[in-house]
Amino acid sequence: MENKNIYPFDEIEPKWQKFWRDNRLFNVDTDKHQNKYYCLMMFPYPSAALHVGHGRNYIIGDVVARYKMMRDFNVLTPMGWDAFGLPAENAAIKGGLNPKISTLNNIQTMKRQLRQWGVEYDWDREVTSCLPDYYKWTQWIFVKLYEKGLAYKKKAFVNWCPSCKTVLANEQVVNGSCERCDTEVTQKDLEQWFFKITHYAERLLNDLDKLTEWPERVKIMQRHWIGRSEGVEINFKIDGMAETLKCFTTRIDTIFGATFIALAPEHPLVDTLVRGCKDEKKVSSQIQKMRDESKIDRAQDTVEKIGVFTGRYVINPANNERVPIWVSNYILMEYGTGAIMAVPAHDQRDFEFAKRYKLPIRVVIDDTKKHLDPNTMEEAHIGDGVMVNSGQFNGLESKVAVERIAGYFEEKRFGKRSIQYKLRDWLISRQRYWGAPIPIIYCVRCGTLPVPEKDLPVLLPEDVEFRPTGESPLKLSKDFVNTKCPKCGNEGASRETDTMDTFVDSSWYFLRYITPNLNDRPFDTALVNKWLPVDQYIGGIEHAILHLMYSRFITKFFSDIGVVSFDEPFKNLFTQGMIVKDGAKMSKSKGNVVSPDELIKKYGADTVRLYTLFIGPPEKDAEWSDRGVEGAYRFLGRVWRLVEKVQTSSLRSAEGAEAISESEIASLPLAARNDALKRKIHRTIKKVTEDLDSGFHFNTAISAIMELVNEIYAVTAPDSGILQEAIETTIVLLSPIVPHIAEEMWQMMGKRNSIFRLKWLAYDGSLLVEKIITMPIQVNGKLRSKIDVAINAREDELKEKVLSDPKIKGIVQDKRIKNFIIVPNKLVNIVV
RNA sequence: GCCGAAGUGAUGGAAUGGCAGACAUGUCGGUCUCAAAAACCGAUGUCCUUGCGGACAUGAGGGUUCGACUCCCUCCUUCGGCACCA
């Protein structure tokens, strides 16, 4: 445990953390919005404590904030807590901990951890989503959406544990069973609240193109999630009934190959169709079994495709055939119309289903390469081809047929062109306590009513009981449920007991930071319009779809109702990778959590910060290694000793001049050494600046600074002015990354002000280039030799020099030179 | 299953069409020391070779190119998301 001797981080760090706070370095006057820079990190859920994996997010954000400050921006960097959620409620049920108390305790712990990391925020703007001053406005959003017809109620299924009599989150369902009691989970349908995000599907899709500074992979994932597809909605007449059945297809060209219809088990017509048919009881019970199956498994295609014939038929309008109607678990009610026309020859899932139940397979698009035979086909032919067995459309290219048949169907009124999205409306109801109550009152006379704005917030009652019975504590609280009707004053009205999905809380918090204490409005429109969109949003890739999509949706809604003037919330997005340990995401249950507290105690926050950033490219996952932390610590020791040495201005001489390294710089004459060091300084400034400006390449920025430090040590007896410049450069370039040691060393160098009040360094472009470069010479693409040449040497000179090189001469000999490729100032390749 | 990523020494990684392995970690050897720690110096992809040097090498296989870790195709493995974890 001799670590402490390297440098006194334990004295330095608390001192500077206090200094930054006392001098309000991170506190922003939002009225001064010229040159604003809004740097936002995804706010955390306050679980027990932060681990080094969380730290990556906040450290990156802190480095960006400090760097932008030095680039003269007015930086706003706030923090808050996504404080509602399932874990606190589960802990309450298990251990009797009050969710509010445990959550607020966790917040205190995490806040202390952030401070010890040297991660600073404008804490005057802290928001906590579980406190009434915040969730009042979450409820206000619900009311606004309700008023615009964008919040509505419909039946939807939940995972239900029949033994615990409780609704389960997907996470609580393990292999189709309840995580607590292992009982098989069933599906139960409940009336639930939805936000109509599908109303914004087209805009959410199209506006992705505006987000030029978002990672391409995130935009691709969102595009697929929205899942726009063009096709035809067909009206099938049901044989012997008045009803019609709507099916959506993107492959109307295969309509003549439809050999059965498949409905989702939840399809509203299923019960009507089955009624009175042969084996009604048996069929109904099979359908019920499918309905009970886990939605998760069904959507993920991990369950066997099963089905049952309803006994009914539809008429295919294209050819007047009777087509049997089946019910199957591979059809999802949530997508399209919940019913499909199945074409086994040209859809793989339909193919497998047809094989299993011996349903006919009819080829209607022939493969142009190989004639298709339904009896010998081993898989569906999903590609294009030539139309066959398709009446008047035979012989057409299938791609052409899509358009022709769609036109024909519209003309004959068999159906119409339509656009479908995979995106579904956002189910926000949770049958839980620890969330923002949905501000709705049910009155026997007046019906469903939103809580008037003046009565908000609908407070969560605190004197509730947590019982493991599964019933939400809100339902049991008479004081909460029983209320007056806001319209007619009737005493017998009751409150909605569902709370909102925590994604609602997190879909607007970035707006609240601007005016966090307003109590008559969610935020100040004029000021928000000055400070948003967020200039840089930083968070985990796991939020690529849901959180970001919901935030975009709410922002667009706000834009529509005129409370903000922009319609995309985040201009730049950076998604960092996860830090894993032993190949797995850090989690308490896996027991692979690395706590920052001990590491900071042992090595200091700067070391932990440096290692976290040096570990690898920040957008990629990285494996945590405690050994790597020591390396970072040693490097800071090396940096620390630079200041001690600057006074004597003799680096290597003090440590034994005999041990001169073979470094290129050290072997040069004195003047050239000084030039080389000067060049290294400016190259490093350039490299670090570029790495921070584009893509946050902290790992390569740090290695560039390491190289500079190595060079400083390698130069014997350098010019003291250049030495001073080299050391100051090192400190400034490191300062956003390791702020405490940088501040301390800056003072030791005789400076007065905080280093973060300093302007970032500029490099001198004229100092970057060398006059002589070493050029690699390849023969047939293989490296054979290297020669030193003047920069921008003439081609013929270069050619002559290369061919007179003894190694090259030996290889080329009298072989014929086919090609002589010169990449200017980079490389030569001779092809023989 | 679908969607999105990633695979390079013993390890984290660098190089985005031009010298593969920068910068670190680890290991080995050395300097200093009574000793250790710290610090400093050196070696370190694999194989062949006393040496000079050479061959091979970026998950596997194929392709494009004067030249491929980088671009294209097929496959394998790992990770993230899949709508009630946040």
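Proteins come first, then strands; the chains are lettered A, B, ... in the order of their sequence lines, and each starts at number 1.
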Residue that, paired with A/V828, satisfies side-chain contact (heavy atoms from CB on, under 4.5 Å) out of A/I821, A/I808, A/L798:
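Among the candidates, only A/L798 passes.
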Identify, with sequence neighbours excluded, every residue that meets side-chain hydrogen bond (donor to acceptor under 3.5 Å, both in side chains) alongside A/Y537.
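Residues passing side-chain hydrogen bond (donor to acceptor under 3.5 Å, both in side chains) with A/Y537: A/Y509, A/H547.
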A/H51 and A/V594: CA distance, side-chain angles, deciding distance, side chain to side chain contact (heavy atoms under 4.5 Å, CB included) verdict
CA-CA 6 Å; A/H51 56 64; A/V594 178; 5.7 Å; no
Watson-Crick/G-U partner (both atom distances under 3.5 Å) of [N]:
| N | result |
| --- | --- |
| B/C75 | B/G59 |
| B/U64 | none |
| B/A14 | none |
| B/G9 | none |
| B/C82 | B/G1 |
| B/A22 | none |
| B/U27 | B/A43 |

Provide the distance between the two [atom1] atoms, one in [N] and one in [M], to the nearest whole Å.
| N | M | atom1 | result |
| --- | --- | --- | --- |
| B/G26 | B/G18 | P | 32 Å |
| B/C28 | B/A38 | P | 14 Å |
| B/C23 | B/G29 | C1' | 23 Å |
| B/G9 | B/G13 | P | 11 Å |
| B/U65 | B/C72 | P | 16 Å |
| B/U70 | B/G62 | P | 14 Å |
| B/U16 | B/A6 | P | 15 Å |
| B/A39 | B/U25 | P | 10 Å |

Using a strict threshold of under 4.0 Å (side-chain N to carboxylate O), is an ion pair present between A/E352 and A/R349?
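No.
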Are A/R430 and A/E89 within salt-bridge range, i.e. N to O under 4.0 Å?
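Salt bridge between A/R430 and A/E89, a charged N being under 4.0 Å from a carboxylate O: no.
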So which protein N/O to nucleotides 46-49 of chain B N/O distances come out below 3.5 Å?
none

Distance from A/M110 atom CE to A/Y45 atom OH, nearest 0.5 Å?
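Answer for the CE-OH pair, A/M110 versus A/Y45, is 10.0 Å.
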Counting just side-chain N and O atoms, does [X] come under 4.0 Å of either OP1 or OP2 of [N]?
| X | N | result |
| --- | --- | --- |
| A/H224 | B/G4 | yes |
| A/R217 | B/C3 | no |
| A/R634 | B/G26 | yes |
| A/R430 | B/C84 | yes |

Under 4.0 Å, counting only non-hydrogen atoms across every strand here, what does [X] touch: a base, just sugar-phosphate, or nothing?
| X | answer |
| --- | --- |
| A/K219 | nothing |
| A/L423 | base |
| A/R424 | base |
| A/Q192 | base |
| A/V218 | nothing |
| A/F503 | base |
| A/I220 | sugar-phosphate |
| A/S429 | base |
| A/M578 | sugar-phosphate |
| A/N780 | nothing |
| A/W426 | nothing |
| A/H543 | base |

Would you check if the side chain of A/D425 reaches a backbone N or O of A/I197 as a donor-acceptor pair within less than 3.5 Å?
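Flag set: sc A/D425 to bb A/I197 pair under 3.5 Å.
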Where the side chain of [X] is concerned, which of [options] is the nearest nucleotide?
| X | options | value |
| --- | --- | --- |
| A/M706 | B/A24, B/C56, B/G80 | B/A24 |
| A/D501 | B/C79, B/C82, B/C84 | B/C84 |
| A/I6 | B/A22, B/C3, B/A38 | B/A38 |
| A/S703 | B/C23, B/U25, B/G81 | B/C23 |

Determine if the base of B/G9 is syn or anti; take syn to mean the glycosidic torsion is within 90° of 0.
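Nucleotide B/G9 adopts syn.
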Under 4.5 Å between any side-chain heavy atoms of A/L573 and A/L211, yes or no?
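When only atoms from C-beta onward are counted, A/L211 and A/L573 do not touch, as no gap falls below 4.5 Å.
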Can you tell if the side chain of A/F84 reaches within under 4.5 Å of the side chain of A/T499, non-hydrogen atoms only?
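Result no, sub-4.5 Å side-chain heavy-atom pair not found.
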Extract all donor-acceptor atom pairs below 3.5 Å that involve side chains of residues 695-708 of chain A and protein atoms in other chains or at least two apart in sequence.
from	atom 1	to	atom 2	distance (Å)
A/H697	ND1	A/S694	O	3.4
A/T700	OG1	A/D691	OD2	2.8
A/T700	OG1	A/H697	O	3.1
A/S703	OG	A/T700	O	3.0
A/E707	OE1	A/K680	NZ	3.0

Is the count of non-hydrogen atoms from other residues, nucleotides or ligands lying under 6.0 Å from A/K826 atom NZ greater than 12?
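It does not: A/K826 NZ has 12 such atoms or fewer within range.
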For A/I541 and A/L168, take the nucleotide of RNA chain B holding the closest heavy atom to each; which residue's nucleotide lies nearer the 5' end?
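Taking each residue's closest nucleotide, the earlier one in sequence belongs to A/I541.
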Residue whose closest nucleotide on RNA chain B lies nearer the 5' end, A/Y550 versus A/G85
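Between the two, 5'-proximity favours A/Y550.
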If you apply the rule side chain to side chain contact (heavy atoms under 4.5 Å, CB included), what do you find for A/Y330 with A/D350, and how did you get there?
CA-CA 9 Å; A/Y330 78 97; A/D350 299 349; 2.7 Å; yes
Please give, in whole Å, the distance from B/U25 C1' to A/L610 CG?
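Taking atom C1' of B/U25 as the reference, CG of A/L610 is at 13 Å.
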What is the distance from CZ of A/R56 to P of B/G80, rounded to the nearest Å?
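In whole Å, B/G80 P and A/R56 CZ are 14 Å from each other.
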For A/Q222 and A/W214, does a side-chain donor sit closer than 3.5 Å to a side-chain acceptor?
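A/Q222 vs A/W214: no donor-acceptor pair found between side chains.
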Is it the case that the side chains of A/Y58 and A/T612 hold a donor-acceptor pair, with the cut-off being a distance below 3.5 Å and no angle test?
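There is no such pair between these side chains.
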A/Y633 and A/W640: aromatic ring centres closer than 6.0 Å?
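Not close enough - the centres of the two rings lie 6.0 Å or further apart.
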Per the atom types in the model, does the base of B/C84 pair as donor or acceptor with the side chain of A/R432 at under 3.5 Å?
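Answer yes: a donor N or O sits under 3.5 Å from an acceptor.
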Just to verify, what does A/F820 make a ring pair (Phe, Tyr, Trp, His ring centres under 6.0 Å) with, not counting sequence neighbours?
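For A/F820, no residue satisfies ring pair (Phe, Tyr, Trp, His ring centres under 6.0 Å) once neighbours in sequence are set aside.
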Would you give a per-nucleotide map of nucleotides 70-77 of chain B, 5' to 3', where B means the base has a protein non-hydrogen atom under 4.0 Å away, S means only the sugar-phosphate does, and - means neither?
--------
Which nucleotides of nucleotides 8-21 of chain B have their base under 4.0 Å from a protein heavy atom (B), which only their sugar-phosphate (S), and which neither (-), written as one string 5' to 3'?
----BSS---BB--
